[in-house]
Structures are given as structure tokens and as C-alpha cells.
Amino acid sequence: MSENLIGYIDNQGNIIDTQSAGQSCEGRAIEYDNSDEALEIIRHSTAHLMAQAINELYTNAKFFVGPVVDEGFYYDFEVDEKIGEEDLKKIEKKMKELIKKKYKIEKYEISKDEALEKFANDELKLAVLSRIDDDKLTIYKQGDFEDLCRGPHVPALRFLNNFKLTRVAGAYMGGDENAKMLTRIYGIAFADKQSLKDYMKMMEEAKKRDHRKIGSEMELFMFNEESGAGLPFWMPKGAKLRYKLENILHKAHIKRGYQPVRGPEILKADMWRTSGHYACYGENMYLTEIDGQEYGIKPMNCIGHIQIFKQTSKSYRDLPLRYYEYGVVHRHEKSGVLHGLLRVREFTQDDAHIFCTPEQIAPEVIKVVEFVDSVMKLFNFDYTMEISTKPEKAIGEDEVWEMATQGLKTALEENNLQYTIDEGGGAFYGPKIDIKITDAIGRKWQCGTIQVDFNLPQRFEVEYVAEDNTRKQPVMLHRAILGSFERFIGILTEHYAGEFPLFIAPTQVIIVPISEVHNSYAKELQAKLLDIDIDTEVFDKNESLNKRIRTAEKQRVPFVVIVGDEEVEKNSVAIRDRRKKEQYNLSFEYFMVELSKQLNEGKI
RNA sequence: GCCCAUAUGGCUCAGGGGUAGAGCACUUCCUUGGUAAGGAAGAGGUCGUGAGUUCAAGUCUCACUAUGGGCUCCA
């Protein structure tokens with residue numbers, strides 16, 4: 001047996017650890033390295049080692065589950081003491097001590113009855129046992145510490161040297177909000193020290209991209225304690241960025257046959273009763289009273305669009321009818337989930353509702369998917385798609401749900417688009433396709449969405465006149481491409497680390513005059529650039545040239561141009577180009593051509 | 001909402017029971033400079049809010065507010 005053997009993969013792809021394999025095992029060997037399989041074993045064992053350390057350090061420690069997850073591992077447990085960030089070091093130290101004791105990790109089998117008896121005083125383990133059907137259970141033992149576990153584990157503690165406990169958190173037992181809260185510690189482990197170092201470095205780099213940090217550095221947006229949580233303010237730079245994005249999207253919508261509309265921010269509660277929002281989404285709504293009548297601030301824009309559709313009679317010739325709105329919505333998100341711009345209580349959706357016939361669903365869904373793709377490509381985003389099915393709180397017949405869900409799947413499958421399924425994750429009125437983008441530190445956020453809805457048209461008696469002169473009900477597709485400007489700009493900020501492409505950059509050019517006598521030339525250029533929709537700043541403060549160049553370079557703008565005697569004379573500019581990372585001179589005329597070219601890259 | 005942590009000038013942070021500190025930013029003056037920090041002076045904080053302990057509270061206690069990390073991934 002090799003020194004570095006920590007397990008096998010059998011022909012079904014299962015990982016078998018050395019304890020389970022015994023003397024003889026066919027199957028591919030898993031060596032101690034950073035392969036996915038090896039890391040799974042290493043991290044799982046590190047979670048156990050952590051549990052052993054916690055068990056020695058704290059009184060009455062009881063353990064729930066300690067799985068390997070996408071990024072490392074965690075263990076959920078309960079102790080009498082409070083555990084904070086500071087305690088992680090203490091636990092890490094204990095873990096290192098335990099490794100030195102060179103325990104073997106051994107495995108033995110017991111029956112479920114034996115297990116129930118063994119863990120009779122441990123309610124957490126009993127909870128774990130209650131979720132297991134098998135009668136044959138296994139225990140892993142290292143030193144005095146034993147834990148119910150199905151493995152796999154490394155054969156000895158010496159394989160667990162490179163780990164780091166990353167955070168403490170509370171976690172509901174089994175993820176159930178009604179269950180009790182346990183303490184969870186997350187950690188990460190690798191096969192070698194350098195990989196761990198690299199990982200920690202990467203996390204640090206990611207933090208530098210955090211949109212909240214860059215957002216305040218660049219003065220894009222802010223929050224204000226006195227005004228309330230989750231309510232973003234857009235500062236001038238951020239507002240500029242945002243309106244540029246809005247303008248790009250406006251044109252893209254018009255080009256694709258959408259028409260702008262706008263509904264009120266607040267509607268009578270009865271309207272929300274009819275829609276089902278009051279019953280299914282009421283917890284997230286802000287309600288108020290006007291002249292003795294109850295009103296609800298809109299959490300979605302669909303109801304407004306339905307009223308507009310119904311205002312004039314519609315024919316089948318009008319379908320598919322596409323209404324879009326940058327709709328401001330308010331939602332009462334739980335205080336604990338608010339997160340910078342990525343989860344707020346007031347935000348603007350790039351929302352649209354497509355009224356169409358059932359036959360038009362598939363082609364319309366495809367069109368939206370293509371729209372999404374062109375926006376994602378514009379910003380070089382990787383994204384994933386997920387189909388969400390009927391949730392617990394929902395309106396409408398199962399049959400209708402089934403049909404709509406199938407429609408979405410077919411549309412994606414016919415175009416060979418990959419997707420995953422989120423059972424029960426749909427909106428209350430229909431199934432949906434969600435488009436998810438990953439943030440700087442690997443968290444996935446829902447951005448765009450496409451939802452099929454047979455229910456609201458029925459509830460609001462939405463109709464059109466069909467070819468045969470009968471009245472029929474259209475289907476509604478709810479869709480958003482960015483999702484919300486807030487979240488999208490948050491992710492965009494992390495994606496570009498604040499160095500936005502020229503077509504949305506808040507300030508696109510900074511002009512640095514060499515001395516005071518060149519200020520008028522700089523202002524002249526500024527005016528001409530504004531004529532072609534380029535936002536500029538002139539850095540003409542009473543500071544040294546070097547200082548002003550340095551400050552300009554730190555602003556994350558696409559171009560810094562320097563102008564002095566030579567430029568004034570030749571009507572040119574000396575350019576520091578962020579994209580090319582070099583300096584060169586251009587005639588001002590040609591510079592404007594180049595800028596227009598880069599502005600055009602934003603067209604979709 | 002729940003668990004843990006954090007809260008000091010616009011920003012980043014130091015201080016840790018005895019009457020507030022630094023750097024950057026800001027203001028004024030000198031300097032008018034050809035490619036990443038020229039110099040000098042100055043202004044700015046009831047240390048998140050409210051209670052409590054104490055002769056004395058940014059500093060200790062509690063509550064609230066806000067912020068941060070989590071709360072699907074099944075021995």
C-alpha cells in the first residue's frame with residue numbers, strides 16, 4: 001500500500017476509504033493530493049478532527065452533521081458556551097495538537113438499534129438517526145472521539161495538516177427555520193500548504209473587489225442608517241453609470257418590439273387580493289392606508305401592466321404584446337438577508353410582461369433567452385439557468401402548472417440550453433427560468449428571470465378577440481433581464497473590479513492640463529466630448545502634475561488624457577489608455593472617433 | 001426573523017475607566033510643474049442611539065439601530 005493512498009473509487013464512481021476497503025480492493029486508487037475525490041475525503045476528515053477538538057474544549061458538546069460542501073466543510077453542533085471568531089484560533093490550535101497524537105482513524109459497524117441506544121442521550125444524533133433508513137450504520141473512531149458517520153475518511157490524522165477555520169455562523173438544524181439554532185463552523189482544507197495559502201490569497205483578492213468597498217471608494221452608491229436598512233442611495237457617479245445602462249437597455253427593448261409603460265407605485269389592497277399577492281406574498285409587502293382604505297406598495301409590476309393591457313380592447317393581431325418598465329418595487333426582505341446592493345428592500349426591475357397565446361410561449365421564451373444571452377455576452381458574464389417548479393404557497397391548478405413547466409423545459413431543450421431544476425422554487429403564480437450570475441467570491445445570485453403565468457390573466461379576466469371572433473385569455477410571460485439595476489450593478493462592479501467598460505463608465509475620460517494656461521483647451525475638449533455623450537472631468541486643481549496624474553489613474557476611468565503646449569499647438573491629446581495599458585498621442589479628431597467606437601460596443 | 005461579530009472625523013484605522021490620535025480626503029497660501037504622492041498652515045469627532053454601573057464611561061453592562069459572516073447541500 002502506498003504511503004499516500006487515502007481511498008479508492010469503485011466502478012460506480014463511489015469513494016471507498018481505506019478503512020472500508022480492508023486488504024483487498026479493486027478500483028482506482030485515490031492518492032493524497034488536491035483532486036476532487038481526495039479533497040472530499042480530506043475535508044470530511046478535517047470536519048471530524050474539528051469536532052474532536054471542540055469536544056475536548058467545550059462542555060456538553062453535541063454534534064449534528066458535518067458535511068463537505070462546495071467550498072470546504074462545516075460542522076453543526078451545540079455547546080454550552082458562546083463561540084465567536086476569536087475561538088476559531090483556539091480550536092485550530094487544539095486540532096494541531098490532536099494531529100500530533102497520531103491517532104488512527106478506525107471504522108466499525110453497528111445496527112440502528114445499537115446506535116439508538118448508544119446515542120440515547122444525544123438528541124442531535126437522534127435527529128440525524130431519524131433521517132437514516134439503513135439498518136447498518138458505521139462509527140468512525142479516532143482516539144477517544146467517536147462519531148456516527150458514513151465516511152469516507154483518511155486513514156490517519158497526518159493527512160490533515162493544511163486547514164483553516166474560516167467563519168462561525170448560526171444555522172438552523174436541518175435548515176428549518178422552525179427548528180433550533182445550532183452553531184456552525186466553516187473551514188477549508190487542502191493536501192498541501194501552498195494550495196491553502198493560494199486559497200486564502202484568492203479570498204483576499206476577492207474582498208478587494210467587493211462592490212460595497214468599490215462602491216464607496218468610487219462614490220457610486222451609499223446607505224444611510226437614519227433612512228433605514230436596505231434602501232440604497234445613488235450618488236452622482238453611480239447614477240451616471242445607471243442611466244447609461246438604462247439607455248442601452250431602452251434601445252435594446254425597443255429594437256425587440258417592446259413598448260414602454262409605467263404603472264403607479266401604490267395600488268388598492270383589493271387589487272393585490274385579486275392577484276393573490278395579498279395571500280401569497282403579503283409578508284413581503286408594505287401596506288398603508290389612505291382615506292380609510294387599505295393600499296399596498298407594489299412588490300411587482302405585473303398588476304399595473306395588466307390594467308394597461310385591459311384599458312383598450314385587444315385583438316389576436318396585437319399578440320404577442322410586450323410591455324416593459326423600469327419598475328421600482330419595494331419588498332420587505334428579512335433584516336438578516338440584506339447585503340449591499342445585492343439584496344435590498346427597494347429596487348428597480350427591468351421588468352416586462354409579454355401577453356401571448358399558448359402557441360407563442362415557446363418562441364417568446366426563446367427570444368427572451370436570446371435577449372438575456374446578448375446582455376450577458378456584452379459584459380462577458382458566465383451564467384447558469386435553473387427551472388423552478390411549483391412552490392408550497394401557490395395559486396392555480398396542478399395541470400396548468402405542469403403544462404407551463406413543460407413549456408419552459410421544451411423551449412430550453414430544443415435550443416440545447418443546459419439547466420438545473422429547483423423543485424418548489426417557483427413564483428406563486430407560475431414556474432420560472434432563473435438566470436444566475438456568480439459574484440466575486442463565488443456566491444450565485446438570481447438576476448434575470450422568465451416566468452410563465454396562466455393564473456393572473458384568469459384572475460383579472462384579461463382577454464383578447466381571437467380570429468374566430470371569440471374572446472380568449474392570453475398567457476402572460478413575466479421577465480427581467482438584469483433582474484434589478486441594483487443587483488446587476490453590484491455584480492457588474494465586482495466583475496470589473498470597478499473598471500467599467502467605456503460605454504457605462506460614470507466618467508469616461510479625465511483630462512489633465514499640464515499647467516494653468518492649458519485649462520481653457522481642456523475645457524474646450526470637455527465641451528466637444530460632451531457633444532458626443534462622453535462624460536469627462538478636468539483635473540485642474542492646484543496640485544503637482546504628478547499628483548494629478550496619479551489621482552486620475554486611480555479613478556478607474558478608461559482614458560486619462562494629458563494636454564500641454566504641444567497638444568494645444570497640434571490639436572491633439574496625450575493618452576493613457578487603460579485598455580492598452582500604454583501611452584500614445586492622437587489627434588483630437590481621431591480620439592473622438594475611437595471613443596465613439598467604444599461607445600458603440602455597448603449596443604445590443 | 002434567528003446565531004455570532006462589529007460600530008472612533010468624508011474614507012482607512014490606532015487608542016481601551018481620568019477631559020480624543022494618525023494617514024488619506026477637505027480649506028487657504030506658496031509652488032506653474034511633460035507623465036503615479038512638491039511644500040506650509042488650517043478646519044473637522046458630545047467615539048452609532050438611549051439607559052445603567054462609577055467620583056469619573058469611546059473604554060464596563062443592558063436595550064435599540066445599522067453593518068458584516070451565516071441559516072439547501074443529509075451520519
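On a predicted model such as this, the values are computed, not experimentally measured, just so you know. In what follows, chains are A, B, ... by sequence order, proteins preceding strands, each numbered from 1.
Computed from coordinates, the A/Asn546 CG to B/G38 C1' distance equals 9 Å when rounded to whole Å. Rounded to whole Å, the distance from CZ on A/Phe64 to P on B/C74 is 11 Å. Whole-Å rounding puts the A/Lys436 NZ to B/U72 C1' distance at 11 Å. For the pair A/Glu71 CD and B/C71 P, the computed distance is 12 Å after rounding to whole Å. Residue A/Glu78 contributes atom CD, which lies 18 Å from atom P of B/C2 at whole-angstrom precision. Rounded to an integer number of Å, the gap from CG of A/Leu137 to C1' of B/C74 is 14 Å. One can place CZ of A/Arg550 at 11 Å from P of B/C24, the figure rounded to the nearest angstrom. If you take CG of A/Asp147 and P of B/C74, they are 15 Å apart, rounded to a whole angstrom.
For A/Lys82, whose side chain is taken as the heavy atoms from C-beta onward, the closest listed nucleotide among B/C4, B/C71, B/G34 is B/C4. Minimum atom distance to the side chain of A/Ile549 is reached by B/A36, of the listed B/A36, B/G34, B/C4. Of the candidates B/G1, B/G33, B/G34, B/G1 carries the atom nearest the A/Arg345 side chain, counting heavy atoms from C-beta on. Which of B/C73, B/C71, B/G33 sits closest to the side chain of A/Val69 comes down to B/C73. Here B/G34 is the nucleotide among B/G34, B/G1, B/C73 with the atom lying nearest to any side-chain atom of A/Ile514. The nucleotide whose nearest atom lies closest to any side-chain atom of A/Glu225 is, among B/C71, B/A66, B/G38, B/A66.
Residues A/Gly84 and A/Asn542 both approach RNA chain B. Their nearest nucleotides, taken by heavy-atom distance, put A/Gly84 toward the 5′ side. Summary of the strand contacts: A/Pro513 and A/His332 both lie near RNA chain B, and taking for each the nucleotide with the nearest heavy atom, the more 5' one is attributed to A/His332.
Side-chain contact check for A/Thr449 and A/Asp434: at least one donor-acceptor pair (N or O, by modelled atom type) lies under 3.5 Å. For the residue pair A/Tyr496/A/Arg556, the side-chain donor-acceptor check at 3.5 Å is not satisfied. No side-chain N or O of A/Glu346 forms a donor-acceptor pair with one of A/Tyr286 less than 3.5 Å apart. Side-chain atoms of A/Tyr521 and A/Asn571 include a donor-acceptor pair closer than 3.5 Å. Between the side chains of A/Gln52 and A/Asp144, not a single donor N or O lies within less than 3.5 Å of an accepting N or O.
For B/U67, the paired base is B/A5 (Watson-Crick or G-U wobble, both distances below 3.5 Å). The partner of B/G44, taking Watson-Crick or G-U wobble pairs whose two distances both stay under 3.5 Å, does not exist in any strand shown. Summarising the base pairing, B/G34 is matched to no nucleotide, lacking a Watson-Crick or G-U wobble pair whose two defining distances lie under 3.5 Å. Across all strands shown, the partner of B/G23 is B/C11, judged by Watson-Crick or G-U wobble contacts whose two distances both fall under 3.5 Å. Judged by Watson-Crick or G-U wobble contacts below 3.5 Å, the nucleotide B/C62 has B/G50 as its partner.
Distances shorter than 4.0 Å separate some side-chain N or O of A/Arg167 from OP1 or OP2 on B/G70. One finds a side-chain N or O of A/Ser544 lying less than 4.0 angstrom from the OP1 or OP2 phosphate oxygen of B/G38. A sub-4.0 Å separation between OP1 or OP2 of B/G1 and a side-chain N or O of A/Ser335 is present. OP1 or OP2 of B/G68 lies within a sub-4.0 Å distance of a side-chain N or O belonging to A/Arg212. Within the structure, a side-chain polar atom (N or O) of A/Tyr74 is placed less than 4.0 Å from OP1 or OP2 of B/C73. Between A/Lys547 and B/G39 there is no side-chain polar atom (N or O) within less than 4.0 angstrom of OP1 or OP2. Contact between the side-chain N/O atoms of A/His518 and the OP1/OP2 oxygens of B/G33 is not found at any separation under 4.0 Å. Taking only side-chain nitrogens and oxygens, A/Tyr172 never comes nearer than 4.0 Å to OP1 or OP2 of B/G70.
Proximity of the aromatic rings of A/Tyr58 and A/Phe77 is defined here by a centroid distance below 6.0 angstrom, and this criterion is not met.
Here A/Gly175 lies in heavy-atom contact (under 4.0 Å) with sugar-phosphate atoms only. Among the protein residues, A/Gly425 comes within range of no part of the nucleic acid, since none of its heavy atoms lies under 4.0 Å from any strand. A/Glu567 comes within 4.0 angstrom of a nucleotide base, judged by non-hydrogen atoms across all strands. Using a 4.0 Å heavy-atom distance criterion, A/Ile83 is classed as a sugar-phosphate-only contact. In this structure, A/Thr138 reaches the bases: a heavy-atom distance under 4.0 Å links it to at least one base atom across the strands shown. Looking at heavy-atom distances under 4.0 Å, A/Leu338 makes contact with sugar-phosphate atoms alone, never a base. Among the atoms of the strands shown, base atoms are found under 4.0 Å from some heavy atom of A/Glu566. Residue contacts for A/Val337: at a heavy-atom cut-off of 4.0 Å it reaches a base atom on one of the strands shown. As judged by a 4.0 angstrom heavy-atom cut-off over every strand, A/Lys112 is placed among residues making no nucleic acid contact. Across all strands, A/Ala171 comes closer than 4.0 Å only to sugar-phosphate atoms, never to a base (heavy-atom distances). Heavy atoms of A/Asn224 sit nowhere under 4.0 angstrom from any nucleic acid atom. Counting any heavy atom pair closer than 4.0 Å across all strands shown, A/Gly424 reaches no nucleic acid atom. Among the protein residues, A/Arg184 comes within range of the sugar-phosphate backbone only, with heavy atoms under 4.0 Å from sugar or phosphate atoms but none that close to a base.
Spacing of P atoms, B/A40 relative to B/A57, comes out at 39 Å, to the nearest Å. Separation of the P atoms belonging to B/C3 and B/G10 is 32 Å when rounded to the nearest angstrom. Separating the P atom of B/A25 from that of B/U12 is a span of 15 Å, rounded to the nearest Å. The same atom, P, is picked in B/U54 and in B/G15; the two are 29 Å apart, to the nearest Å. Across B/G38 and B/U32, the matching P atoms stand 14 Å from one another, rounded to whole Å.
Taking the charged nitrogens against the carboxylate oxygens, A/Asp76 and A/Arg184 do have a contact shorter than 4.0 Å, which makes a salt bridge. Ion pair A/Lys136/A/Glu114 not flagged as a salt bridge, since none of the NZ, NE, NH1 or NH2 atoms sits closer than 4.0 Å to an Asp/Glu carboxylate oxygen. Salt bridge A/Lys125/A/Asp147: present, at least one basic N to carboxylate O contact under 4.0 Å.
What you find for A/Thr18 and A/Ile6 is that their closest heavy atoms are CG2-C, 3.8 Å.
Residue side chain A/Glu543 does not reach the base of B/G39 through any donor-acceptor N/O pair under 3.5 Å, judged by distance alone. In terms of polar N and O atoms assigned as donor or acceptor, the side chain of A/Arg131 comes within less than 3.5 Å of the base of B/C74 in a complementary pairing.
Between A/Phe539 and the choices A/Ile511, A/Thr551, A/Ile549, the side chain to side chain contact (heavy atoms under 4.5 Å, CB included) rule is met once, by A/Thr551.
Classified by interplanar angle (parallel below 30°, tilted 30° to 60°, perpendicular above 60°), the ring pair A/Phe190/A/Tyr199 is tilted.
Contacts with RNA chain B (heavy atom under 4.0 Å) in residues 568-579 of chain A: A/Ala574, A/Arg576, listed by number.
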